[in-house]
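We're numbering straight along the sequence, starting at 1.
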Amino acid sequence: VIRESLERFEGPRGLAFSFNGGKDSTVLLHLVMATLAAEGSDYRQVLFFFIDNEQNFPEMIEFIENTDREYSLHLQNIIKSLKEGLKDVLDSRPGPCGVFMGTRRTDPYSEKLAVFHPTDAGWPACTRIHPILDWSYADVWEFLRSLSIPYCSLYDRGYTSIGGVHNSRPNPALRISGRVSSASSSSSSLSSSSSSSGD
């Protein structure tokens with residue numbers, strides 16, 4: 001999918017990446033960097049952006065900033081709504097643009113998505129690209145753990161899905177004898193209970 005994206009959008013300069021620091025987005029980031037390196041392309045020519053809704057956990061912001069520094073992403077921090085932020089991103093990229101997103105089919109409203117999916121009517125026109133659309137929750141954690149890839153510390157405090165500070169809580173399925181287990185070490189048992197979770 002990532003290689004096809006390079007062909008469809010004429011190289012990395014025709015691509016953008018919506019990075020939110022979640023586990024799925026982190027997996028996709030490493031897949032994109034590795035694939036572009038294998039193809040002889042510079043991943044830093046992709047436009048990386050983060051839509052900051054100002055309701056994010058401090059731990060998530062810290063992880064995003066650390067990732068940006070570690071990999072020299074030159075991440076654009078956009079404090080706007082997703083629709084407005086996406087318009088700004090597309091306005092800065094002439095011609096057709098594909099946007100990588102770490103969406104999986106079990107995410108809300110995602111069951112009918114295609115790997116290459118145009119934005120809905122009323123949204124800035126681009127193609128959303130979903131390379132890990134059919135990955136499972138267990139697939140995500142197997143990838144991160146087997147390659148020792150850093151991820152947001154909130155997952156080690158029992159969060160299986162991380163949104164804003166006002167609507168995210170540790171998963172009660174991880175509570176064991178009064179303590180909370182890590183989401184990353186319980187991927188198998190949580191595959192079904194997290195089927196409708198986000199990032």
Side-chain angles (χ1 to χ4, degrees), residues 1-6 8-9 12 15-36 43-44 46-53 55-57 59-68 70-71 73 75-78 82-83 85-86 89-90 97-120 123 126-147 149-155 159-164 167-168 183-184 187 190-191 194-199:
V1 172
I2 297 170
R3 289 189 180 92
E4 184 177 346
S5 301
L6 285 170
R8 284 195 183 202
F9 298 98
L15 296 166
F17 190 120
S18 177
F19 184 67
N20 65 10
K23 62 186 186 303
D24 302 332
S25 194
T26 299
V27 164
L28 182 55
L29 172 64
H30 287 267
L31 289 173
V32 167
M33 290 193 300
T35 303
L36 265 62
Y43 69 82
R44 288 165 295 189
V46 174
L47 193 159
F48 293 90
F49 67 97
F50 165 54
I51 302 295
D52 188 352
N53 59 16
Q55 297 180 11
N56 294 287
F57 285 89
E59 295 90 339
M60 183 61 79
I61 296 296
E62 179 182 14
F63 174 72
I64 290 170
E65 291 175 347
N66 288 343
T67 302
D68 185 22
E70 176 70 20
Y71 302 111
L73 302 179
L75 188 74
Q76 291 191 14
N77 188 3
I78 302 174
L82 179 56
K83 182 183 286 189
L86 182 58
V89 168
L90 297 177
C97 184
V99 181
F100 288 117
M101 307 187 79
T103 306
R104 293 187 295 116
R105 201 173 298 282
T106 52
D107 292 339
Y109 314 112
S110 301
E111 63 275 3
K112 294 183 180 179
L113 287 178
V115 172
F116 293 94
H117 204 104
T119 47
D120 297 333
W123 281 71
C126 70
T127 300
R128 292 171 286 174
I129 307 170
H130 309 115
I132 63 168
L133 187 63
D134 291 309
W135 282 42
S136 69
Y137 181 84
D139 290 337
V140 167
W141 281 114
E142 175 64 22
F143 182 88
L144 292 173
R145 291 166 62 195
S146 65
L147 297 175
I149 292 173
Y151 52 83
C152 180
S153 62
L154 289 170
Y155 293 110
Y159 289 83
T160 52
S161 177
I162 302 173
N167 61 8
S168 300
S184 68
S187 57
L190 282 170
S191 294
S194 302
S195 61
S196 61
S197 298
D199 217 351

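- Looking at M33 and Y71, their side chains come closer than 4.5 Å, going by heavy atoms from C-beta outward.
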Do L15 and L47 pass the side chain to side chain contact (heavy atoms under 4.5 Å, CB included) test, and can you show the C-alpha distance, the side-chain angles, and the key distance before you say yes or no?
CA-CA 7 Å; L15 296 166; L47 193 159; over 6 Å; no

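- Residues A114 and H130 share a closest heavy-atom pair of O-ND1, 3.0 Å.
- The distance from the CD1 atom of I132 to the OG atom of S25 is 8.0 Å, given to the nearest 0.5 Å.
- Remark: R44 CZ to L73 CG distance equals 9.5 Å, nearest 0.5 Å.
- Contact check for Y137 versus T106: no side-chain heavy atoms found under the 4.5 Å cut-off.
- The ring of F48 has its center closer than 6.0 angstrom to the ring center of F17.
- When all heavy atoms are compared, the tightest approach of D134 to R105 is OD1-NE, 2.7 Å.
- In this structure, D107 CG and M101 CE are separated by 10.0 Å, a value rounded to the nearest 0.5 Å.
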message = With side chain to side chain contact (heavy atoms under 4.5 Å, CB included) as the criterion, how do Y151 and V27 come out once you've worked through the C-alpha distance, each side chain's angles and the decisive distance to 0.1 Å?
response = CA-CA 9 Å; Y151 52 83; V27 164; over 6 Å; no

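- Considering only heavy atoms from C-beta on, L31 comes within 4.5 Å of F143 through its side chain.
- H117 contributes atom NE2, which lies 11.0 Å from atom OG1 of T103 (distance to the nearest 0.5 angstrom).
- I129 pairs with exactly one of V99, I2, V1 by the side-chain contact (heavy atoms from CB on, under 4.5 Å) rule, that one being V1.
- Annotation: side chain to side chain contact (heavy atoms under 4.5 Å, CB included) contacts of I51 (sequence neighbours excluded): F49, I78, L82.
- Between W141 and Y155, some side-chain heavy-atom pair lies under the 4.5 Å cut-off.
- Note: Y43 and H30 fail the aromatic proximity criterion, with ring centroids not under 6.0 Å apart.
- Counting heavy atoms from C-beta outward, E4 and V115 have side chains that stay 4.5 Å or more apart.
- Closest non-hydrogen pair, I64 versus F19, comes out as CG1-CE2, 4.1 Å.
- Annotation: cation-pi geometry satisfied between R8 and F116 (NZ/CZ under 6.0 angstrom from ring centroid, within 45° of ring axis).
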_Would F63 and F57 count as a side chain to side chain contact (heavy atoms under 4.5 Å, CB included) here? Give the steps._
CA-CA 10 Å; F63 174 72; F57 285 89; over 6 Å; no

Output, in order, the C-alpha distance, side-chain angles, deciding distance and verdict of side chain to side chain contact (heavy atoms under 4.5 Å, CB included) for F9 and C97. CA-CA 6 Å; F9 298 98; C97 184; 5.6 Å; no

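- Comment: K83 does not engage D120 in a salt bridge, judged by the lack of any side-chain N to carboxylate O separation of less than 4.0 angstrom.
- Judged as a salt bridge (charged side-chain N to carboxylate O under 4.0 Å, His left out), and not counting sequence neighbours, E65 has no contacts.
- For S136 and D139, the side-chain atoms include at least one donor-acceptor pair closer than 3.5 Å.
- Atoms CZ and CG, on R128 and L133 in that order, are 10.5 Å from each other to the nearest 0.5 Å.
- Taking all atoms of both residues into account, the shortest heavy-atom contact from C152 to G21 is CB-O, 4.2 Å.
- For the atom pair L144 CG and T26 OG1, the distance stands at 6.5 Å (nearest 0.5 Å).
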